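For reference, the structure discussed in these notes is given below.
Computation of the quantities below employed the complete heavy-atom set of this structure, encompassing side-chain atoms and omitting hydrogens, waters and symmetry-equivalent molecules. Just so it is clear, the model here is predicted, and its values are computed rather than measured. Each ligand, and each atom within it, is numbered from 1 in the order the structure gives.
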Amino acid sequence: MSVLRDPLLFLSRQEKVKTLVETMPLSAGIVRSYVPGETTEEAVEATRAQTGHGLRVTLDHLGEDTTSRAQAEGTVAAYLDLLSALAADGLARQAEVSVKLSAIGQALPDDGPDVALDHARAICRAARAAGTTVTLDMEDHTTTDATLAALRELRKDFPETGAVLQAYLHRTEADCRDLAYEGSRVRLCKGAYAEPERVAYQSRLDVDRSYVRCLKVLLAGQGYPMIATHDPRMLSIAAALISRYGRDRGSYEYQMLYGCRPEEHRRLAASGETMRVYIPYGREWYGYLMRRLAERPQNLSFFLRSLISKR
Ligand SMILES: Cc1cc2nc3c(=O)[nH]c(=O)nc-3n(C[C@H](O)[C@H](O)[C@H](O)COP(=O)(O)OP(=O)(O)OC[C@H]3O[C@@H](n4cnc5c(N)ncnc54)[C@H](O)[C@@H]3O)c2cc1C
């Protein structure tokens with residue numbers, strides 16, 4: 001992990017920094033390179049552009065740390081609007097949605113998890129009506145149990161609902177075993193939050209080793225693994241494991257973030273693989289952008305220049 005990662009993730013929680021960064025116009029190049037737009041129309045436009053290159057898409061309406069019921073309901077309405085726009089444009093077969101339970105009420109006082117579950121059900125219903133699916137993003141470790149509990153509930157009515165597991169958590173290899181059953185869609189990523197040593201591997205080597213162990217469990221299992229990484233080493237190990245376990249094309253997929261290694265997205269799709277691009281959109285891009293910068297300190301100088309030129 002980069003030495004800049006934890007301080008950056010810490011800074012991202014500071015209100016003053018947040019205010020400064022949020023007043024940058026979205027068109028600031030660095031934001032635009034990770035978040036193609038704010039509105040449903042822009043999200044649909046970005047989807048059309050990606051699917052035109054033979055790529056699949058998963059769309060995330062940005063928002064987390066939702067503190068009011070009205071805010072949560074606004075996010076649900078945005079997903080419903082997006083899903084009907086995707087269906088109307090004939091894009092729903094290639095485009096699903098990714099949802100953060102915190103954006104739809106998980107952290108609200110008293111009955112937050114129930115509110116989020118009801119909201120997630122509404123989004124799953126709309127996704128099914130549109131002809132597509134939902135994947136529940138995974139957030140920091142304090143929410144893992146609640147998110148997996150919501151997943152179990154949702155899968156009773158919507159077994160197509162996707163899960164996300166983060167290889168940096170010590171618990172994840174066991175979670176992979178639990179979720180490697182037939183029909184179970186599981187996105188495996190490394191994990192994007194600053195987590196304590198008590199629950200998470202800290203060194204890149206340990207995270208990578210865990211990623212490979214988890215990949216083996218998922219690819220040897222009966223589910224549908226979604227291999228979410230930009231890491232060339234992880235990708236070549238995944239390819240070797242896919243062939244070792246005799247996985248047919250179409251029984252797994254690759255996933256990468258919008259703006260991260262776009263040439264690799266197209267290369268994989270052109271080689272016949274299923275490749276899905278995660279497209280975040282919306283006004284609440286701050287937390288998402290800071291996690292991307294924490295991963296790619298190379299982008300920092302560009303980012304700082306755009307901050308300074310604004311002052
Ligand atoms: C589709 C998708 C969904 C995700 N959903 C979640 C989620 O729900 N919860 C969560 O916690 N995290 C999520 N993540 C983020 C994930 O956890 C990682 O933080 C992020 O993907 C970076 O890890 P990495 O595997 O790409 O490798 P890293 O360890 O960050 O990088 C390894 C190597 O990959 C290459 N690389 C990485 N990024 C780039 C880039 N932008 N450009 C060029 N080369 C690059 C470099 O060679 C780098 O040295 C998601 C990621 C993806 C792709």
Exercise for the section: Could you say whether the N/O atoms of E295 and ligand 1 ever approach to under 3.5 Å? Expected result: yes
Problem - Pair R152 + D178: basic N to acidic O under 4.0 Å - result: no
Mind listing the side-chain donor-acceptor pairs of residues 118-125 below 3.5 Å, one per line with the distance, residues two or more places apart or on another chain?
from : atom 1 : to   : atom 2 : distance (Å)
H119 : ND1    : I104 : O      : 2.8

Exercise for the section: For ligand 1, note which part of R276 has a heavy atom under 4.0 Å away: side chain, backbone, both or neither. Expected result: neither
Practice task
Specify side chain, backbone, both or neither for Y211, according to which of its non-hydrogen atoms lie closer than 4.0 Å to ligand 1.
Solution key: neither
Problem - T229 N/O to ligand 1 N/O under 3.5 Å - result: yes
Problem - Side chain, backbone, both or neither: the part of Q255 lying under 4.0 Å from ligand 1 by heavy atom - result: both
Handout entry: N-O pairing of E253 and R185 below 4.0 Å
Key = no
Practice task
May I ask whether M226 has any heavy atom positioned less than 4.0 angstrom from an atom of ligand 1?
Solution key: no
Handout entry: Modelled atom types, side-chain donor and acceptor of T51 and Q94, under 3.5 Å
Key = no
Fill in the blank from the handout: Out of M138, E263, H230, the nearest non-hydrogen contact to atom 36 (N) of ligand 1 is supplied by H230
Fill in the blank from the handout: Nearest heavy atom to atom 23 (O) of ligand 1, choosing from K190, E253, E195, belongs to K190
Exercise for the section: Under 4.0 Å, heavy atoms only, figure out whether ligand 1 is touched by the backbone of M234, its side chain, both or neither. Expected result: neither
Exercise for the section: Please confirm whether G191 comes within less than 3.5 Å of ligand 1 when only nitrogen or oxygen atoms on both sides are compared. Expected result: yes
Practice task
For atom CD of E263, decide whether the heavy atoms of other residues, nucleotides or ligands shown that lie under 6.0 angstrom number more than 12.
Solution key: yes
Fill in the blank from the handout: Cluster membership besides L108, Ile/Leu/Val/Met/Phe/Trp/Tyr side chains within less than 4.5 angstrom, sorted by chain and number, is V115
Handout entry: Contact check: Y278 vs ligand 1, nitrogen or oxygen atoms, below 3.5 angstrom
Key = no
Practice task
Would you check whether Q166 has a nitrogen or oxygen atom less than 3.5 angstrom from a nitrogen or oxygen atom of ligand 1?
Solution key: yes
Handout entry: Heavy-atom proximity to atom 2 (C) of ligand 1, best of D140, L257, V99
Key = L257
Practice task
Examine the proximity of ligand 1 to R204 and report which part, side chain or backbone, both or neither, has a heavy atom under 4.0 Å away.
Solution key: side chain
Handout entry: Short N or O distance, A192 and ligand 1, threshold 3.5 Å exclusive
Key = yes
Practice task
For atom CZ of R93, decide whether the heavy atoms of other residues, nucleotides or ligands shown that lie under 6.0 angstrom number more than 12.
Solution key: no
Exercise for the section: Measure from NZ or CZ of R292 to the centre of the six-membered ring of Y288 and say whether it is under 6.0 Å with the direction within 45° of the ring axis. Expected result: yes
Practice task
Report, as yes or no, whether the 6.0 Å neighbourhood of atom CZ on R249 holds more than 12 heavy atoms from other residues, nucleotides or ligands.
Solution key: yes
